[in-house]
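Heads up, the thing below is written out as structure tokens.
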Amino acid sequence: ALAWVGIAAIIVAYINIGAYWSNIELAAEAGGLDGDWAGQVISWSVLLSFFGCFGAMYALKHFDYDRPILVTFVLMVFAVGLLAVDVSAGIFVFSVAMFSFLWIFIDVYQMGGVSAADRSGSAAAFIPGAQGLGQMLGPFIAALLLERSLGFDAVFVLCAGASFTALLIYGLIYLSNRGRQAAD
């Protein structure tokens, strides 16, 4: 059952990812930043995803996946939520860099968690579908917010809210696993 809860958390986490990536450059331009510059920042920041793989691997070797995923989601809530407050150049660069680095952590930890919870691989087979569903829902919900003239602030509140919801889900899974381990 925990593996399927993990699949639901992947959908929620990917709502953030889909909404963020589909709107970040538009939000930068709407916030008064140069679109070409913002595009360059986004392009170069994607390299941080590669380094995020090494960071996730290092953390997994030292901490397993439970605690690092919680810390990662706390940082993600902060990184995307800041844009709901301000889209200055410094905050934009910080947010894009943190997002690019952290979303790989989230992928690695979520996949590891689902695989550990369901050794048969049944739930793990749904990971790509869960990611795709979240990536579709995120931009869709963001578009609805923008259509209702709520602005990019609302989009980034959506992103932070999705990350916070995933944090809560994984926090409950973590507490459930600790309770089981204490009982054993």
Side-chain angles (χ1 to χ4, degrees), residues 2-24 27-28 41-42 45-88 90-117 127 130-131 134-135 137-138 141-142 145 152-182:
L2 280 181
W4 295 104
V5 172
I7 293 294
I10 290 171
I11 294 169
V12 172
Y14 265 81
I15 288 172
N16 165 44
I17 292 168
Y20 188 91
W21 279 130
S22 65
N23 288 284
I24 187 62
V41 169
I42 293 165
S45 291
V46 171
L47 289 174
L48 292 172
S49 299
F50 180 72
F51 295 108
C53 294
F54 290 105
M57 179 183 69
Y58 177 83
L60 280 171
K61 287 184 176 189
H62 292 87
F63 303 107
D64 203 3
Y65 62 87
D66 287 338
R67 286 172 283 164
I69 198 168
L70 298 175
V71 172
T72 300
F73 273 115
V74 166
L75 294 172
M76 183 64 81
V77 168
F78 182 68
V80 298
L82 274 177
L83 291 172
V85 177
D86 186 27
V87 186
S88 66
I91 289 175
F92 176 79
V93 169
F94 174 79
S95 177
V96 171
M98 288 291 290
F99 187 93
S100 295
F101 186 73
L102 293 172
W103 79 276
I104 292 299
F105 275 63
I106 290 169
D107 268 2
V108 170
Y109 299 146
Q110 287 181 324
M111 290 176 191
V114 168
S115 296
I127 291 174
Q131 291 171 330
Q135 279 185 309
L137 289 172
I141 297 167
L145 294 171
F152 288 104
D153 297 355
V155 171
F156 295 113
V157 168
L158 165 70
C159 292
S163 290
F164 186 74
T165 302
L167 171 65
L168 289 177
I169 293 168
Y170 283 111
L172 293 172
I173 290 172
Y174 175 74
L175 293 174
S176 173
N177 285 339
R178 285 191 64 201
R180 274 195 222 135
Q181 289 170 354

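When a residue number appears, it is its place in the shown sequence, counting from 1. Model, not experiment: these values are computed from the prediction.
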Would you give me the side-chain donor-acceptor pairs under 3.5 Å for residues 98-114, sequence neighbours excluded?
residue	atom	partner	partner atom	Å
Ser100	OG	Ser45	O	3.4
Ser100	OG	Val96	O	2.9
Trp103	NE1	Ser49	OG	3.2
Asp107	OD1	Tyr14	OH	2.4
Asp107	OD1	Gln131	NE2	3.4
Asp107	OD2	Tyr14	OH	2.9
Gln110	NE2	Tyr170	OH	3.2

Can you give me the closest heavy-atom contact between Ala142 and Ala19, atom names plus distance? CB-CB, 4.2 Å
Could you walk me through whether Phe94 and Leu82 pass side-chain contact (heavy atoms from CB on, under 4.5 Å), step by step? CA-CA 9 Å; Phe94 174 79; Leu82 274 177; 3.7 Å; yes
Measuring from atom OG of Ser22 to atom CD1 of Ile17, what distance do you get when rounded to the nearest 0.5 angstrom? 12.0 Å
Val12 to Ala162 - nearest heavy-atom pair and separation: CG1-O, 3.1 Å
Would you mind writing out the side-chain donor-acceptor pairs for residues 70-78 within the sub-3.5 Å range, not counting sequence neighbours?
residue	atom	partner	partner atom	Å
Thr72	OG1	Pro68	O	2.7

Tell me which donor-acceptor pairs under 3.5 Å the side chains of residues 55-62 have, and how far apart each pair is, sequence neighbours excluded?
residue	atom	partner	partner atom	Å
His62	ND1	Tyr58	O	2.8

So, for Ala28 and Phe92, which heavy atoms are closest and what is the spacing to 0.1 Å? CB-CE1, 3.6 Å
Where at least one partner belongs to residues 153-165, residue pairs that pass side-chain hydrogen bond (donor to acceptor under 3.5 Å, both in side chains), sequence neighbours excluded: Asn16-Ser163
With Leu158 as partner, the option from Val80, Asn23, Leu145 fulfilling side-chain contact (heavy atoms from CB on, under 4.5 Å) is Leu145
Contacts of type side chain to side chain donor-acceptor pair (under 3.5 Å), residue Ser88, not counting sequence neighbours: Asp86
Close side-chain approach of Ile24 to Leu83, heavy-atom, < 4.5 Å: yes
d(Ile7 CD1, Ile169 CD1) to nearest 0.5 Å is 11.5 Å
Ring pair (Phe, Tyr, Trp, His ring centres under 6.0 Å) against Tyr174, all qualifying residues, sequence neighbours excluded: none
